[in-house]
Amino acid sequence: MKLCNCGQIMRMELRKLVYARKACICHVPVYACQNCSTYELMPLVKPDLLDYINSLGDVKSQTWVSFADIYEPVSVLREVLSSSSDSLQEFQQRYKAAFEDRVNMLLDLYRFAKMKDDSVWMDEIMTRLEKVNAFSQLKMENSDFCAS
């Protein structure tokens with residue numbers, strides 16, 4: 001959880017961001033304050049989002065993309081959010097299980113890449129593992145987590 005400058009707790013949301021009035025990037029995790037409407041990017045995603053925006057260059061036509069399609073941890077998070085839950089505890093259990101499953105899948109891929117002696121693939125998988133693991137460590141204590 002994060003505290004806003006106005007003193008209220010900010011909730012985590014998946015939001016749509018617009019870049020250069022042409023590129024619409026959906027499913028971007030942000031902290032949002034319901035009291036003063038302030039929002040800020042999650043620090044974990046900021047470098048990858050900026051890299052993606054820089055890769056767009058000069059946007060000439062309408063572009064729509066889901067950040068979940070280019071950033072694996074958000075893909076897992078979106079899957080968790082797509083299924084309804086009756087309680088915060090159920091959400092936390094699904095969250096933990098989904099990220100553990102993804103880590104295990106990536107470890108299996110890493111083992112296969114190592115068996116094939118593919119160091120480039122191993123490096124790519126290690127980068128993915130680091131990002132997924134960092135996201136899995138977040139404490140989902142706020143039941144107001146929502147997707148848009």
Side-chain angles (χ1 to χ4, degrees), residues 1-57 59 63-85 87-114 118-148:
M1 292 194 295
K2 182 166 179 57
L3 214 53
C4 182
N5 290 336
C6 74
Q8 297 298 310
I9 293 174
M10 299 177 88
R11 71 181 189 180
M12 201 180 314
E13 297 180 352
L14 296 181
R15 286 242 179 128
K16 174 176 56 176
L17 298 181
V18 179
Y19 169 71
R21 296 184 183 180
K22 299 259 186 194
C24 182
I25 307 166
C26 301
H27 307 115
V28 176
V30 298
Y31 290 113
C33 178
Q34 303 306 302
N35 186 50
C36 68
S37 300
T38 299
Y39 71 93
E40 62 184 66
L41 286 173
M42 283 183 61
L44 277 176
V45 303
K46 193 171 188 174
D48 291 289
L49 181 62
L50 290 175
D51 287 346
Y52 176 71
I53 288 172
N54 289 333
S55 76
L56 291 174
V59 181
T63 304
W64 284 80
V65 67
S66 171
F67 195 54
D69 292 340
I70 55 178
Y71 189 71
E72 191 165 11
V74 174
S75 174
V76 176
L77 180 59
R78 188 175 68 174
E79 289 172 24
V80 172
L81 291 172
S82 68
S83 57
S84 63
S85 69
S87 71
L88 174 60
Q89 184 179 11
E90 287 177 19
F91 171 78
Q92 289 171 331
Q93 288 170 346
R94 272 197 335 275
Y95 181 90
K96 182 180 178 189
F99 277 93
E100 284 176 357
D101 287 348
R102 186 59 59 104
V103 166
N104 288 334
M105 187 263 311
L106 289 170
L107 288 172
D108 289 343
L109 278 175
Y110 184 85
R111 198 173 4 231
F112 184 74
K114 187 173 183 177
D118 188 335
S119 60
V120 173
W121 193 18
M122 289 167 57
D123 290 344
E124 175 194 324
I125 294 168
M126 189 56 68
T127 300
R128 291 170 61 192
L129 264 168
E130 289 168 357
K131 290 176 185 182
V132 169
N133 192 48
F135 230 87
S136 74
Q137 302 303 311
L138 290 175
K139 298 287 185 211
M140 291 298 148
E141 297 168 348
N142 190 348
S143 61
D144 289 336
F145 195 112
C146 69
S148 61

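Here the structure is a predicted model, which means the values were calculated and not measured.
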Let me confirm one number: the [atom1]-[atom2] distance from [X] to [Y], rounded to the nearest 0.5 Å.
{"X": "M42", "Y": "M10", "atom1": "CE", "atom2": "CE", "result": "12.0 Å"}
{"X": "L77", "Y": "H27", "atom1": "CG", "atom2": "NE2", "result": "10.0 Å"}
{"X": "E124", "Y": "L129", "atom1": "CD", "atom2": "CG", "result": "11.0 Å"}
{"X": "C33", "Y": "E40", "atom1": "SG", "atom2": "CD", "result": "10.5 Å"}
{"X": "D123", "Y": "D118", "atom1": "CG", "atom2": "CG", "result": "9.0 Å"}

Could you walk me through whether Q34 and Q8 pass the side-chain contact (heavy atoms from CB on, under 4.5 Å) check? CA-CA 8 Å; Q34 303 306 302; Q8 297 298 310; over 6 Å; no
Is the closest side-chain heavy-atom distance between [X] and [Y] below 4.5 Å?
{"X": "D108", "Y": "R111", "result": "yes"}
{"X": "I25", "Y": "I53", "result": "yes"}
{"X": "L14", "Y": "F67", "result": "no"}
{"X": "L109", "Y": "L106", "result": "yes"}
{"X": "K131", "Y": "E72", "result": "no"}
{"X": "L41", "Y": "L17", "result": "yes"}

For the residue pair [X] and [Y], what are the closest heavy atoms and their distance?
{"X": "S75", "Y": "A68", "value": "CB-O, 3.3 Å"}
{"X": "P29", "Y": "F135", "value": "CG-CZ, 4.2 Å"}
{"X": "F99", "Y": "P73", "value": "CZ-O, 3.6 Å"}
{"X": "W64", "Y": "K16", "value": "CZ3-CD, 3.9 Å"}
{"X": "K2", "Y": "Y31", "value": "CD-CD1, 3.5 Å"}
{"X": "R94", "Y": "V80", "value": "NH2-O, 3.3 Å"}

Look at atom CG of N5 and say whether more than 12 heavy atoms of other residues, nucleotides or ligands are closer to it than 6.0 Å.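 Atom CG in N5 is not crowded, with 12 or fewer foreign heavy atoms closer than 6.0 Å.
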With side chain to side chain donor-acceptor pair (under 3.5 Å) as the criterion, how do R78 and S66 come out once you've worked through the C-alpha distance, each side chain's angles and the decisive distance to 0.1 Å? CA-CA 10 Å; R78 188 175 68 174; S66 171; 3.1 Å; yes
Using the rule given for side-chain contact (heavy atoms from CB on, under 4.5 Å), can you reason through F91 versus L81, listing the C-alpha separation, both sets of side-chain angles and the distance that settles it, and then say yes or no? CA-CA 8 Å; F91 171 78; L81 291 172; 3.6 Å; yes
